[in-house]
**Q** 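Okay, handing you the structure first.
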Amino acid sequence: MSERVVTRALLVGAFTLLVYYIAAVVRGPEVEYIAWNPVHAAVLTVLGLAAGAAWGARAHLERWRTLEVLLVANLALVFGLLFLGWTMVWDAAKALEGLVPGLRDLSYGFWFIAGILGAYIVRKPGAALATETLAALAEFLAGSQWGFTLLISGLVQGGMAELVFALTGYRRYDLATLMAAGAAAGVGSLVVDYLFWYSDKTLPVLAIMLVARLISGAVLSGWLGKAIGDALARAGALDAFAIALEEAKGAPAQR
Amino acid sequence: MFTYLAHASPLHRLNPTVKLLTMAAVGLAATFVYSPWVPGLLALGLWLTVALVGKVPWPRLLRWSGYMLLLPLPLMLFTALYTDLSRYPNPHVLWHWGPWTVATEGLVTALALGLRVLVFVSASLLFIATTDPTDFAVSLAQNLRVPYRFAYGVLVAQRFLPLLRRELEIIRLAHRVRGVGEGRGWRGQVERLQRYAVPLLAAALRKSQRTALAMDAKAFGAGPERTYFRQMPIRRRDVLFLALWLAYIAAVYAVAARLGPLNWMWIPE
């Protein structure tokens with residue numbers, strides 16, 4: 001079940017890298033605008049990985065229960081609005097930029113929480129992708145300043161988180177997995193932001209941003225997502241979902 | 001911020017998916033270069049389309065425009081201070097203090113990025129103000145092959161929005177009646193966000209469970225395909241809209257290349 005997500009992610013990722021390699025190296029440096037650049041190679045490969053994971057996860061979405069579809073849609077709506085509100089925190093964190101450029105990205109991780117929480121509750125292939133993408137759609141339709149780029153960010157962040165869950169075979173939903181998924185979404189977010197905003201930044205600044213997003217993705221999405229999911233489960237709001245069934249058994253259920 | 005305006009205009013009659021893809025194309029066109037002319041002219045084109053073709057009422061359009069112009073200012077400041085000047089052979093430094101250097105090149109980049117935000121927001125405005133949410137959901141399922149249960153799920157969630165707002169008000173009053181104070185400033189807002197998140201989410205989840213039960217009882221999602229009352233075909237006018245915008249993008253690039261260097265973002269090292 002998880003193999004399709006992983007193989008397609010690797011396939012598309014490798015294919016993107018290959019195309020870039022051919023365009024930049026094999027064809028030679030006389031092509032003016034395409035020269036081999038390790039940063040660009042990494043950016044394109046991560047984009048390919050996320051797109052492949054999204055492609056692999058899509059077919060699984062057809063088989064969800066109505067209840068799960070509505071849960072994910074509602075979760076996405078609420079988090080889309082919270083994401084819009086988080087822009088305030090992001091603006092306030094601008095003060096950190098004066099200390100070390102890139103440090104502000106420590107506040108970025110909250111924006112991946114929808115995908116992590118959705119996957120933690122529903123525990124099915126496609127959950128991280130669908131929740132994160134729909135939350136981005138909700139934020140876009142609510143009128144965020146980032147406009148349609150949010151849809152791409154949502155897809156790539158959700159796709160990268162999805163890939164982590166697929167690598168565990170959709171069986172493990174402990175803190176470590178959730179934090180890894182949040183960190184992976186952080187990598188995806190930086191790649192998209194590089195494409196749209198940060199291609200003029202120096203390499204050290206980009207490196208600080210990457211580390212900051214790995215940390216904040218793991219903490220603000222992975223850890224906080226688990227905390228919120230557990231709080232909701234304790235409130236009895238999730239009795240109909242995999243999270244309640246599997247936590248009650250104490251061991252992950254077989255699929 | 002922006003809301004759907006239910007009046008008749010040529011933009012309202014376009015296929016939502018084609019409209020969204022066209023806006024994405026315009027947004028992408030604004031990201032490939034650092035010449036401020038490109039996003040500037042694109043934003044102007046979008047704004048004029050919304051005003052003249054979209055027939056958005058003037059008072060509302062002016063209010064929204066004022067907000068849109070303020071949005072990119074923080075980003076512009078940040079960019080002006082932190083542009084990588086080592087990329088330019090001899091930057092025109094205007095001001096230098098501690099870790100910050102302001103140069104003409106940085107200011108031009110800041111202007112280009114600020115206008116880029118303006119393009120994104122204008123594209124959102126065009127799409128949101130003139131697209132009926134139900135049309136959009138149906139079009140997602142019919143044109144983009146999004147699993148239809150998700151498309152309808154989004155629609156249901158969107159209908160819940162006013163209910164959630166009321167729910168938030170109830171939670172707020174419930175906290176207040178128990179004597180929980182409300183902090184001020186952004187710190188207070190973050191604190192409030194924490195306090196409201198779980199009750200609000202629990203309410204949303206309970207609502208979606210009841211709705212899902214009702215939808216299942218009416219056999220929603222029983223089959224892999226479904227029939228539609230609304231049809232969202234891609235018509236000639238949709239293709240024309242896309243083609244006109246692509247032509248405008250090409251014209252903008254041609255004009256901008258005359259006015260100054262385009263500064264492609266994928267500059268080789």
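All figures in this text were calculated on a predicted structure; none of them were measured in a lab.
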**Q** With a 4.5 angstrom heavy-atom cut-off, which part of A:Ala76 approaches chain B: side chain, backbone, both or neither?
**A** neither

**Q** So which of A:Thr149, A:Ile228, A:Val205 has the largest heavy-atom pair count under 4.5 angstrom toward chain B?
**A** A:Thr149

**Q** Pick from A:Val78, A:Ile121, A:Leu61, A:Leu75: which one has the most heavy-atom pairs with chain B under 4.5 Å?
**A**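 The residue among A:Val78, A:Ile121, A:Leu61, A:Leu75 with the greatest pair count is A:Leu61.
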
**Q** Do other residues, nucleotides or ligands put more than 12 heavy atoms under 6.0 Å from the CZ atom of B:Arg159?
**A** no

**Q** Please give me the minimum heavy-atom distance between B:Ser124 and A:Gly147, naming the atom from each residue.
**A** OG-CA, 3.1 Å

**Q** Check whether B:Arg149 reaches the backbone of A:Leu70 with its side chain - one donor and one acceptor, N or O, closer than 3.5 Å.
**A**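 No, the answer is negative, given that no donor and acceptor are paired below the 3.5 Å cut-off.
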
**Q** Heavy-atom pairs under 4.5 Å with chain B - which of A:Ala138, A:Ala235, A:Ala73 has more of them than the others?
**A** A:Ala73

**Q** Take B:Phe136 and A:Leu137 through the side chain to side chain contact (heavy atoms under 4.5 Å, CB included) test and state the conclusion after the steps.
**A** CA-CA 12 Å; B:Phe136 182 42; A:Leu137 182 68; 3.9 Å; yes

**Q** Roughly how far, to the nearest 0.5 Å, is CG of A:Leu71 from CD of B:Gln209?
**A** 8.0 Å

**Q** Of the backbone (N, CA, C, O) and the side chain (C-beta and beyond), which part of B:Ala123 lies under 4.5 Å from a heavy atom of chain A, both, or neither?
**A**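 Interface part for B:Ala123: neither.
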
**Q** Within a 6.0 Å radius of atom CH2 on A:Trp223, are there more than 12 heavy atoms belonging to other residues, nucleotides or ligands?
**A** no

**Q** Measuring heavy-atom distances to chain B, does A:Leu134 have an atom under 4.5 Å in its side chain, in its backbone, in both, or in neither?
**A**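 Answer is side chain: those atoms of A:Leu134 sit under 4.5 Å from chain B.
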
**Q** At a 4.5 Å cut-off on heavy atoms, which part of B:Leu125 comes close to chain A: side chain, backbone, both, or neither?
**A**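 Neither part; nothing is under 4.5 Å.
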
**Q** Under a 4.5 Å heavy-atom cut-off, does chain A meet the side chain of B:Leu201, its backbone, both or neither?
**A** both

**Q** Got a second to check how far A:Thr66's OG1 is from B:Leu213's CG, nearest 0.5 Å?
**A** 10.0 Å

**Q** Under 4.5 Å, counting heavy-atom pairs only, tell me which of B:Gly153, B:Ala24, B:Ala202 racks up the most with chain A.
**A** B:Ala24

**Q** Checking A:Leu151 against chain B: side chain, backbone, both or neither under 4.5 Å from a heavy atom?
**A** side chain

**Q** Which bit of A:Leu77 comes within less than 4.5 Å of chain B, counting heavy atoms only: side chain, backbone, both or neither?
**A**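 Side chain only.
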
**Q** Hey, could you give me the CZ/CZ distance between B:Phe127 and A:Phe148, rounded to the nearest 0.5 Å?
**A** 12.5 Å

**Q** Please round to the nearest 0.5 Å and tell me the distance separating atom CZ of B:Phe32 and atom CZ of A:Phe196.
**A** 8.0 Å

**Q** Hey, what do you get for CZ (A:Phe241) to CG (B:Leu205), rounding to the nearest 0.5 Å?
**A** 6.5 Å

**Q** Is it the side chain or the backbone of B:Leu113 that comes within 4.5 Å of chain A heavy atoms, both, or neither?
**A** both

**Q** I need the B:Arg206 CZ to A:Leu238 CG distance, nearest 0.5 Å.
**A**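 So the CZ of B:Arg206 and the CG of A:Leu238 are separated by 9.0 Å.
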
**Q** Could you tell me which portion of B:Val156 (side chain, backbone, both or neither) has an atom closer than 4.5 angstrom to a non-hydrogen atom of chain A?
**A**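 It is the side chain, since no backbone atom gets that close.
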
